[in-house]
Amino acid sequence: MQKSETNPLAEPGRSTRNVDPCIVVIFGATGDLTGRKLMPALYNLGKEGMLPPNFACVGFARRPKTHAEFRDEVKKDVGQFSRVKPVDEPFWKNFQEQIFYHQSEFDQDEGYKKLAEFLKQLDARHMTRGNRIFYLSVQPKFFPLIIGKLRQHGLAYDPHTTTDRWSRVVIEKPFGRDSASAAELQKEISRSLDESQIYRIDHYLGKETVQNLLVFRFANSIFESLWNYKHIDHVQITVSEDIGIGSRGHFFEEEGLLRDIVQNHMMQLLSNVAMEPPVNLSATAIRDEKVKVLQSIRPLSKADFENAVVRGQYGPGFINGEQAIGYRQETDVNPNSNVETYVAMRLFIDNWRWAGVPFYLRGGKRLPKRGTEIAITFKDAPGVLFQSREQHNPANVLALRIQPNEGIAMRINCKVPGPSSPIQPVKMDFRYGSYFGQTPPEAYERLIWECILGDNTLFARCDEVAHSWQIITPILEYWANHPSKDFPNYASGTWGPKAADEMIAKDKRSWRIL
Ligand code: BG6
């Protein structure tokens with residue numbers, strides 16, 4: 001078994017933990033994610049001295065290309081998408097010498113044989129000692145095929161018998177399309193890999209602000225003692241995006257927002273905010289607690305599908321004053337598509353801590369602005385002495401801003417100076433940017449680094465994924481049997497369908513304005 005030596009949450013900053021030499025092989029090297037996220041992440045890790053000195057990266061893809069051509073493309077992507085610009089020429093000159101390209105189809109045995117030989121040569125040249133990360137940035141249908149071939153050609157080792165070098169496989173989301181397909185995928189890949197070798201990415205777990213949730217909750221006694229049904233009225237989790245689906249029409253038509261955002265990113269936010277304190281900071285202890293939250297979510301009933309889950313699809317409208325087309329007019333989208341680009345729902349976590357506290361989740365594309373936030377609304381103080389000025393506005397709200405303007409804000413009631421003593425809500429606001437004076441590293445930097453270290457705390461475990469699908473799958477099934485009748489039901493640039501406002505209004509609450 002490969003074991004985590006240290007825990008990332010115990011050392012939240014950039015650190016100098018020892019990293020083994022290794023080669024990262026990226027499948028799908030000419031794809032969007034590689035250019036926008038993965039190569040800029042490796043470049044920044046390299047620049048900050050976080051990569052092992054003995055390191056190489058091989059792009060694996062189907063299109064023919066030379067090493068030099070691939071390096072030029074990577075340089076262009078780094079120049080455009082890296083969080084630090086422009087490209088540092090002297091650094092790049094050396095860094096590019098560690099980047100290579102390997103052309104093959106994903107099902108071609110010859111291609112894997114050649115890859116094995118090539119990696120051996122690189123081991124000799126770069127002293128990478130046989131350690132490998134295989135990053136699968138490909139369509140999910142290729143996961144079992146590639147993983148099977150890696151095993152067949154001795155590229156993925158059996159960690160029980162091979163102990164002098166390691167191999168790990170990073171799998172991009174989505175992991176399955178529902179409970180059954182996720183279980184099937186898990187069955188297939190576990191024929192070739194041990195769970196300790198599988199790193200299921202949910203890039204939200206790599207975000208500094210998401211990692212800070214545990215620190216914030218468990219390193220501060222003042223909040224934790226209020227973190228329960230006695231003091232909290234409700235929780236709102238919002239993942240709002242102003243962008244549409246861009247060039248991802250094919251992908252989105254297959255997935256929809258429930259699978260793309262809710263099943264993974266939002267469930268991670270929910271379990272981090274609702275979990276019990278883990279017994280220690282090991283990957284197992286943290287993941288165990290997150291799984292318990294998912295297990296405690298009350299299954300949705302037919303009445304919930306109709307009254308507590310709302311789906312939406314954007315129509316034409318305006319974003320920042322610019323005209324925007326509707327989802328059905330996007331490239332590669334069926335003009336009668338029934339795919340949702342917005343979801344709102346109410347969940348309950350039936351455990352001791354959260355009994356009766358509603359968790360409202362809302363996520364959507366083409367909303368007025370980008371913003372991810374977890375807002376904890378506390379119960380009102382008894383109105384014996386002071387009546388809240390605005391009865392419908394709760395006095396105390398703790399807003400954890402995941403992005404942008406990363407930070408934490410607390411709303412409290414305050415007396416306006418002067419003799420008439422009116423009460424007004426004011427905000428205490430902490431901002432990462434202004435306090436720490438630096439841009440946080442990209443989620444992918446952190447996650448690739450953790451994978452090199454062999455620490456899977458920030459990756460989803462198989463039972464976590466399975467439990468999350470158990471919540472989502474019944475909704476998908478209900479929707480499949482009850483196609484929406486009113487799509488498109490919100491204009492681009494608005495806060496989603498009216499039904500979502502009505503849903504929360506029935507509980508005498510309202511969505512927060514971001
Ligand atoms: C991805 C989704 O996982 O997350 C995208 O596939 C979405 O649809 C993106 O836009 C959002 O990520 P972030 O980091 O910008 O919040």
Side-chain angles (χ1 to χ4, degrees), residues 28 31-38 40-41 44 80-83 135-140 170-177 199-213 237-270 272 311-314 319 324 327 330-333 337 339-343 361-374 400-407 432 439-448 458-460 465 468-469 472 492 496 514:
D32 207 46
L33 183 76
T34 307
R36 284 174 172 270
K37 299 286 182 189
L38 305 184
N44 282 314
Q80 191 177 351
F81 300 114
S82 164
R83 70 185 159 87
Y135 197 119
L136 308 194
S137 173
V138 297
Q139 285 176 44
V170 183
I171 301 182
E172 263 297 330
K173 67 169 251 287
F175 193 89
R177 305 197 71 247
Y199 288 68
R200 295 176 198 79
I201 279 235
D202 180 321
H203 77 279
Y204 264 53
L205 290 175
K207 290 182 191 279
E208 283 288 329
T209 39
V210 176
Q211 288 158 38
N212 190 45
L213 285 173
I237 300 180
T238 303
V239 176
S240 159
E241 292 184 280
D242 54 357
I243 53 170
I245 50 126
S247 56
R248 298 163 82 218
H250 282 305
F251 170 85
F252 217 80
E253 281 286 275
E254 286 292 309
E255 302 299 322
L257 196 109
L258 192 62
R259 290 188 177 97
D260 187 37
I261 302 273
V262 184
Q263 184 270 335
N264 33 70
H265 305 329
M266 295 188 87
M267 287 299 155
Q268 285 296 346
L269 296 178
L270 174 78
N272 269 288
R311 62 191 141 157
Q313 185 191 75
Y314 62 82
I319 292 277
Y327 177 71
E330 300 275 13
T331 315
D332 300 324
V333 168
S337 176
V339 169
E340 79 289 351
T341 60
Y342 176 98
V343 176
L361 274 54
R362 132 184 95 147
K365 301 267 182 200
R366 283 281 188 237
L367 302 184
K369 58 159 130 157
R370 175 169 182 256
T372 298
E373 179 198 84
I374 303 175
L400 307 163
R401 284 192 307 270
I402 305 296
Q403 65 187 23
N405 303 326
E406 289 80 355
Y432 280 82
T439 38
E442 274 274 335
Y444 278 94
E445 290 173 39
R446 183 65 188 251
L447 294 175
I448 293 172
L458 299 180
F459 294 81
V465 176
S468 167
W469 276 123
I472 299 302
S492 289
L514 256 57

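Just the heavy atoms: all of them, side chains too, but no hydrogens, waters or symmetry mates, feed the values below. Here the structure is a predicted model, which is why all the values come from computation and not from measurement. For ligands, and for the atoms within them, numbers begin at 1 and follow the listed sequence.
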query: Can you list the atoms of ligand 1 that are under 4.0 Å from a heavy atom of Lys173?
result: 1 (C), 2 (C), 3 (O), 6 (O)
- line: Scanning both residues in full, the closest heavy-atom pair of Leu38 with Ser137 reads CD1-CB, 4.0 Å
query: What's the shortest distance from atom 12 (O) of ligand 1 to any protein heavy atom, and which residue and atom give it?
result: His203 NE2, 3.1 Å
task: Just jot down the ligand 1 atoms closer than 4.0 angstrom to any heavy atom of Asp260, in number order.
output: 2 (C), 5 (C), 6 (O), 8 (O)
field: Where ligand 1 meets Arg248 - atom numbers and elements under 4.0 angstrom, heavy-atom basis
entry: 2 (C), 5 (C), 6 (O), 8 (O)
- request: Please confirm whether Thr372 comes under 4.0 Å of ligand 1, counting heavy atoms of the residue only.
  value: no
query: By number and element, which atoms of ligand 1 are closer than 4.0 Å to a non-hydrogen atom of His265?
result: 1 (C), 3 (O), 4 (O)
query: Is Glu373 salt-bridged to Arg401, cutoff N-O under 4.0 Å?
result: no
- prompt: Can you check whether Lys365 has an N/O within less than 3.5 Å of an N/O in ligand 1?
  reply: yes
task: Below 4.0 angstrom from a heavy atom of Arg370, which ligand 1 atoms are there? Numbered from 1 as shown, please.
output: 15 (O)
Expected list for residues 244-258: side-chain donor-acceptor pairs under 3.5 angstrom, two or more places apart:
from	atom 1	to	atom 2	distance (Å)
Glu253	OE1	Asn334	N	3.2
Glu253	OE2	Tyr327	OH	2.6
Glu253	OE2	Ser337	OG	2.7

statement: By ring-ring contact (aromatic ring centres under 6.0 Å, His included), Phe175 pairs with (sequence neighbours left out) none
- prompt: Does Phe252 reach ligand 1, in the sense of a heavy atom lying below 4.0 Å from it?
  reply: no
message: Using a 3.5 Å distance criterion without hydrogens, assess whether the side chain of Thr34 forms a donor-acceptor pair with backbone atoms of Gly28.
response: yes
query: Should the ring pair Tyr204 and His265 be called parallel, tilted or perpendicular, given that the plane angle runs from 0 to 90° and is split at 30 and 60?
result: parallel
task: Using a strict cut-off of 4.0 Å, indicate which atoms of ligand 1 neighbour a heavy atom of Lys207.
output: 13 (P), 14 (O), 16 (O)
message: If you compare all heavy atoms of Ser82 against all heavy atoms of Asn44, which two are closest, and at what distance to 0.1 Å?
response: OG-ND2, 3.2 Å
